[in-house]
Amino acid sequence: MIPGPIEISPAVAEAAAAKPSSHVSAGLIEHFGSALERMRTVWKAGPEAQPMVIAGGGTLAMEIAVCNLLEPGDRALVVNTGYFGDRMAEMLDRRGVSVDQLRCEPGQAPSAEQIAQALDAANYRAVAVTHVDTSTGVRADVESVCRLARDRGVLSIVDGVCATAGERFEMQAWGADAYLTASQKAIGLPPGLALLVFSARAAERRASLTTKPPMTLDLHQWQPILAAYEARKPSYFSTPATTLIKALDVGLAEIGDIDAAVARHQQVADAMREGWSTLGLSLLPEEDLAANTLSAIRYPQGVGPELPKAVAARGVAVAGGLHPDLKTQYFRVGHMGYSARRPDHLLTTMRAVGEALGACGHSADVEGAVRAVASRI
Ligand SMILES: *Cc1c(COP(=O)(O)O)cnc(C)c1O
């Protein structure tokens, strides 16, 4: 129950464990084409958007977005809500981009007014935001970022690694330009795939770059390949991770109706928060900023990083803190993807955390917390 890699469904596990097929076999072509179509649905992206799948992780997806939309001399704004905002800022800096940051205290997120003001303060090529910062469990106001950017002719890059398929997102309606994720979080696959969707405006920006991206990360290299697969034709540029692409098609199909999937994540998050509160625990994020996909929970008085170990001793893996400023003051529990569809995973987790708290000297109403979750899922 860490916030990625998450538990995967039996069907996804079976697909990912199959013998690797050729990248030009009829079966793989069908799965690849179908997976790209399903990405458009999950992202709510229009027909002019370009989905991209490449072997790698979320960090690679961030790098691909950065080097296709920006080049040395550009200026960018990072709406920074934690650890992954810092990473984005460093990545932009390495690309030779001048970076300004709109920062906030851990657990908080800048308001739409602050974002608008920051965007108006300089001539930005792009703004980057983390949809859910996995280090703080904070959800940013991505709709406002994208709409404000679009109004000002600024490109938007959204890191959705801990959000996609668990948080509301509408690529086309909001006018986002690059929305990226990785396979091992709410998408529900093993680690190994970087997933992005680019807008038509992002593709135009790539066309106007004078400093090209590295060849393997270049949207222009991949566009004809991806278009061919979506048209169910064989193609080759660099060998795709064929077993994972099959698993991607299966996993995206399991997500089903995206609105229902997001609503389910919201329901599960509300239920888990009721459980934490019954255990006497408080969250790191401010009330209305807490994400659907994970909880970042403060240790109670007298308890510290021994708690995740005590939870592990009860058969459940949860994660420690990640934000550099307060690493030892909180822990994190993922509730996304397959586990969000498994009440037994959620209840076992609540019980394990409750019992571990007792073992660490903080007596808690374990039965009450389990009942609180059970009645809401
Ligand atoms: C996990 C994560 C990443 C990094 O993904 P990797 O696959 O570990 O490279 C980036 N951003 C966010 C918000 C994440 O949760």
Side-chain angles (χ1 to χ4, degrees), residues 1-8 16 43 52-67 78-92 94 101 103-104 106-107 109-110 127-142 145-146 156-169 176 178-197 216-217 241 244 247-248 251 265 269 284-285 289-296 317-324 327 330-337 339-340:
M1 301 296 284
I2 64 171
I6 65 166
E7 285 284 318
I8 58 174
W43 268 245
M52 176 171 177
V53 177
I54 183 169
T59 307
L60 182 79
M62 292 164 72
E63 197 100 77
I64 291 171
V66 164
C67 69
V78 175
V79 177
N80 188 332
T81 47
Y83 183 90
F84 290 103
D86 292 346
R87 177 171 295 186
M88 177 58 84
E90 165 153 17
M91 213 169 247
L92 287 160
R94 288 181 184 220
Q101 298 200 54
R103 303 183 71 96
C104 56
V127 55
V129 61
T130 312
H131 198 164
V132 170
D133 192 280
T134 323
S135 74
T136 56
V138 163
R139 175 178 50 228
D141 183 358
V142 166
V145 172
C146 295
S156 54
I157 299 175
V158 187
D159 172 355
V161 179
C162 201
T164 315
E167 304 284 352
R168 201 164 75 86
F169 178 72
Y179 189 87
L180 61 98
T181 190
S183 51
Q184 77 273 20
K185 304 211 181 159
I187 291 282
L189 262 65
L193 291 181
L195 308 169
L196 304 97
V197 178
T216 42
L217 311 187
L244 285 174
L248 178 63
H265 280 80
L284 176 59
L289 299 180
N292 289 348
T293 48
L294 83 153
S295 295
V318 298
L322 182 63
H323 195 290
K327 244 186 170 124
Y330 73 106
F331 67 107
R332 296 171 303 142
V333 178
H335 29 77
M336 60 183 124
S339 287

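Along the sequence shown, residues carry numbers from 1. When a ligand or atom number is given, it counts from 1 through the structure's own listing order.
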Self-check item: Contact (N/O only, under 3.5 Å) between Asp159 and ligand 1
Solution: yes

Quiz item: Which atom names give the shortest non-hydrogen contact between Gly85 and Asn80, and what distance separates them?
Solution: C-ND2, 3.5 Å

Self-check item: Expected output: side-chain Thr130 to main-chain Asp159 donor-acceptor under 3.5 Å
Solution: no

Self-check item: Polar atom proximity, Thr134 to ligand 1 (N or O, under 3.5 Å)
Solution: yes

Exercise. Check Pro5 against Pro191 and note the closest heavy-atom contact, atom names and distance.
Key: CG-CG, 3.8 Å

Exercise. Find all atoms of ligand 1 within a distance of less than 4.0 Å from any non-hydrogen atom belonging to Val132, and give their numbers and elements.
Key: 13 (C)

Quiz prompt | Atoms in ligand 1 with a heavy atom of Thr130 nearer than 4.0 Å | solution = 13 (C)

Quiz prompt | Check: Thr59 N/O within less than 3.5 Å of ligand 1 N/O | solution = yes

Quiz item: In this structure, which one of Thr59, Val129, Ile157 forms a side chain to side chain contact (heavy atoms under 4.5 Å, CB included) with Met88?
Solution: Ile157

Self-check item: Identity and separation of the nearest protein heavy atom to atom 3 (C) of ligand 1
Solution: Phe84 CE2, 3.3 Å

Quiz item: Looking only at protein heavy atoms, which one is nearest to atom 14 (C) of ligand 1, and how far off is it?
Solution: Lys185 NZ, 2.9 Å

Self-check item: Which of the ligand 1 atoms, numbered from 1, are nearer than 4.0 Å to a heavy atom of Gly57
Solution: 7 (O), 9 (O)

Practice problem: Would you mind checking which non-hydrogen protein atom is closest to atom 8 (O) of ligand 1, with the distance to 0.1 Å? | Solution: Gln184 NE2, 4.0 Å

Exercise. Could you tell me whether ligand 1 has any atom less than 4.0 Å away from a heavy atom of Asp133?
Key: no

Self-check item: Chi angles and distances behind the side chain to side chain contact (heavy atoms under 4.5 Å, CB included) call for Asp86, Arg103
Solution: CA-CA 10 Å; Asp86 292 346; Arg103 303 183 71 96; 3.2 Å; yes

Exercise. Can you tell me which residue pairs pass the salt bridge (Lys or Arg N to Asp or Glu O under 4.0 Å) test with a partner in residues 127-139, sequence neighbours excluded?
Key: Arg139-Glu167

Practice problem: Evaluate the ring planes of Tyr179 and Trp43, with Trp represented by its six-membered ring, and classify them as parallel (under 30°), tilted (30 to 60°) or perpendicular (over 60°). | Solution: perpendicular

Quiz item: Donor-acceptor pair, Arg332 side chain versus Gly320 backbone, under 3.5 Å?
Solution: yes

Exercise. Looking only at distances, please establish whether an N/O atom of ligand 1 is found under 3.5 Å from an N/O atom of Gly58.
Key: yes

